[in-house]
Chemist: 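Pasting a structure below so you can have a look.
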Amino acid sequence: MSKTATVRTKKTVQTKTVRTKIRLNPAVCDGFGFCCEILPEVIGRDEWGFPVLGDGTVPQSLRRTAEQAVAFCPRKALWLETTGCLGTTGRVERTRTR
Amino acid sequence: MTTLEAIRTRTARLLGDDAGWGTSDLGAHLRRHGPLALPQRFGAGWTDRLLDEIERSGLTGRGGAGFPSHRKLRLVRSAGPRSRPVLLVNAMEGEPASGKDRFLVGSSPHLVLDGAALVAGVLGAEKIVVCIPDDRPELGRILVGALRERDGAGWSSTPVGIRPLAGRYIAGEESALAAGVNGRPGVPEYRPDKSVPVTMGRTVTIVHNVETLAHVALIARHGADWFREVGTAEAPGTCLVTVSGAVERPGVVEVATGTPIDEIVGLAGPTRPVQAVLVGGYGGTWVSGEELTTPYGPGALRSVGGSMGAGVLVALPVEACGIRETERIARFMAAESAGQCGPCLFGLPALADDLRAIARGAGGQQAFDRLLGHCEAVDGRGACRHPDGVVRLVRSALKVFAGDLAGHLRGSPCGGSEKASLLVLPPVGHERR
């Protein structure tokens with residue numbers, strides 16, 4: 001199972017805007033297609049069965065599902081990229097989770 | 001392209017008047033270009049000065065991507081002092097229609113080795129590895145001879161190795177080259193951020209094309225202002241171009257960047273009217289007969305959808321079928337795919353099949369729509385740019401050969417589709433070995 005992406009926050013920080021994108025290494029992907037079935041809202045499928053990610057933006061509501069799609073990839077070809085902008089500091093953090 | 005000759009031009013800097021295979025020994029090289037004499041010219045901190053000089057010269061990479069050379073050097077320098085980098089000298093030249101790199105190595109090995117030594121000096125490189133295709137042992141012999149001469153003259157500072165690698169289309173791609181040198185299969189790696197230097201284990205590598213290095217050797221001798229005397233502002237200097245197709249003297253020509261395409265093809269003596277020219281390489285662009293006055297430089301080529309690529313021009317005669325020739329290239333490129341990414345592995349043969357159906361006049365509008373769909377499905381979905389290049393070529397063919405295309409779609413193919421190809425189409429990678 002994957003570890004959850006964490007956004008490091010200072011104690012005082014309350015507001016945060018987090019953007020999550022799902023990413024794919026096409027050289028590793030073998031087109032099992034689990035991700036397309038788990039996360040069809042974001043991941044399409046081409047005529048050969050390989051996932052089509054577009055720009056890969058994952059809506060917050062599908063965040064957990066996206067983590068499952070990453071976890072279920074037999075080739076471990078997927079990951080989530082999180083860009084978080086913390087309200088008070090304005091600090092941008094990128095975390096990559098497997 | 002078995003026989004190669006230099007076509008003489010007035011702008012020759014890299015290629016001498018007597019350029020030809022095996023004509024360059026160290027003595028002749030020094031008589032022609034003079035000594036390097038770096039400390040005398042630039043003082044003690046010559047590596048920084050040379051880097052500034054390269055930046056001022058505006059030199060761009062001549063391997064295909066056209067990336068500014070000084071930026072590449074600075075990126076590797078700023079990658080940190082974790083370990084000393086390794087300079088990979090790229091003479092793989094996987095483009096079947098290109099011969100300029102092996103011509104340069106064969107005729108001016110010392111100029112290439114000068115440039116490699118200079119870049120290695122700028123980067124404090126641990127070693128230089130010259131990568132040559134394993135089916136061209138003659139390049140290895142010439143380089144070994146040249147290195148022996150340099151050793152004898154006491155010129156060796158950075159160790160230089162020669163590494164024959166399995167020669168296939170994609171083997172020269174930066175990350176594929178590094179993998180090959182590292183003893184792994186020479187296939188590209190997925191690199192979303194191309195500005196991060198390629199590494200071999202923990203070692204940072206820098207890949208430079210042989211022509212780029214030869215230009216560095218001349219910039220070090222004559223300076224940036226001299227370099228910029230000819231060529232366009234965006235990509236100054238001269239460039240080597242391999243001209244083939246319907247020409248009397250297929251070969252390597254050195255011209256100032258920005259020379260009109262038809263003028264360059266003219267130097268090789270077109271045998272009959274030219275319908276279009278393939279520009280850049282097999283992942284390049286067709287440029288139509290009406291646009292052949294376009295200067296061979298980055299800006300002007302961009303306006304017709306192309307780039308200088310690997311310095312390839314193939315003249316397509318008026319009687320040939322552009323659709324059929326594009327299909328042949330797509331077929332070759334499909335076979336040269338590393339087969340790592342689904343869209344490339346399945347998409348490139350699909351593109352070739354669609355083009356075949358259209359060329360036969362059998363597919364009609366359906367085949368055309370399928371082709372457009374496949375272009376969309378393949379574009380930008382590989383780990384490297386190999387599939388993107390094929391899509392670019394196919395899309396340019398649809399535009400440039402629109403007239404022919406209409407006939408093919410109506411079911412009346414042009415007479416050219418059954419003619420033999422003028423293209424260089426070597427047996428694909430796995431059959432070569």
Side-chain angles (χ1 to χ4, degrees), chain A residues 2 5 18-58 66-67 69-85 91-98, chain B residues 170-171 173-180 184-196 198 334 336-354 357 366-367 369-391:
Chain A
S2 74
V18 184
R19 268 223 321 263
T20 306
K21 286 193 174 194
I22 192 156
R23 299 287 191 200
L24 167 82
N25 181 340
V28 173
C29 173
D30 276 343
F32 280 81
F34 294 173
C35 58
C36 315
E37 287 174 24
I38 296 171
L39 195 62
E41 299 88 345
V42 178
I43 304 177
R45 206 166 183 174
D46 67 19
E47 65 178 272
W48 307 291
F50 288 85
V52 181
L53 262 59
D55 93 320
T57 300
V58 177
E67 278 166 17
V70 169
F72 276 91
C73 175
R75 299 287 292 121
K76 303 220 177 303
L78 291 163
W79 68 93
L80 294 181
E81 206 173 79
T82 304
T83 320
C85 185
R91 207 158 45 128
V92 175
E93 289 213 358
R94 295 168 87 85
T95 50
R96 182 181 158 147
T97 47
R98 252 260 59 99
Chain B
I170 49 158
E173 192 273 341
E174 285 186 322
S175 62
L177 196 69
R184 286 180 284 129
V187 294
E189 202 179 281
Y190 177 53
R191 295 196 303 139
D193 185 357
K194 296 271 190 289
S195 67
V196 177
V198 178
E336 286 289 311
S337 164
Q340 299 187 107
C341 309
C344 186
L345 177 64
F346 297 105
L348 299 192
L351 285 172
D353 290 343
D354 298 339
Q366 264 177 322
D369 292 341
R370 219 166 40 231
L371 179 66
L372 292 184
H374 283 148
C375 282
E376 196 69 33
V378 169
D379 199 15
R381 289 189 55 225
C384 71
R385 300 297 170 102
H386 184 72
D388 305 0
V390 183
V391 171

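This structure is a prediction, so every number in the text was calculated from the model and none was measured. A, B, ... follow the sequence lines: proteins, then strands. Residue 1 opens every chain.
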Chemist: May I ask you to name which of B/Pro192, B/Gly347, B/Ala377 has the most heavy-atom pairs under 4.5 Å with chain A?
Modeler: B/Gly347
Chemist: Contact part of B/Ala350 toward chain A, heavy-atom cut-off under 4.5 Å: side chain, backbone, both or neither?
Modeler: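 It is the side chain, since no backbone atom gets that close.
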Chemist: Sub-4.5 Å heavy-atom contacts with chain B: which residues of residues 26-34 of chain A show up?
Modeler: A/Pro26, A/Ala27, A/Cys29
Chemist: Going by salt bridge (Lys or Arg N to Asp or Glu O under 4.0 Å), name the residues that satisfy it together with A/Glu41, two or more places apart in sequence or in a different chain.
Modeler: none
Chemist: Sort by residue number and list every residue of residues 380-391 of chain B having at least one heavy atom under 4.5 Å from chain A.
Modeler: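 From residues 380-391 of chain B, the residues near chain A are B/Arg381, B/Gly382, B/Ala383.
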Chemist: Would you call the rings of B/Tyr190 and A/Trp79 parallel, tilted or perpendicular, where under 30° means parallel and over 60° means perpendicular?
Modeler: tilted
Chemist: Going from CG on A/Asp46 to CD on B/Glu376, what distance comes out if it is rounded to the nearest 0.5 angstrom?
Modeler: 12.0 Å
Chemist: How about A/Glu47: does its CD atom have over 12 heavy atoms from other parts shown lying under 6.0 Å from it?
Modeler: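 For A/Glu47, atom CD is crowded (more than 12 foreign heavy atoms under 6.0 Å).
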Chemist: Tell me the residues of residues 50-57 of chain A whose non-hydrogen atoms fall below 4.5 Å from those of chain B, in number order.
Modeler: A/Phe50, A/Pro51, A/Val52
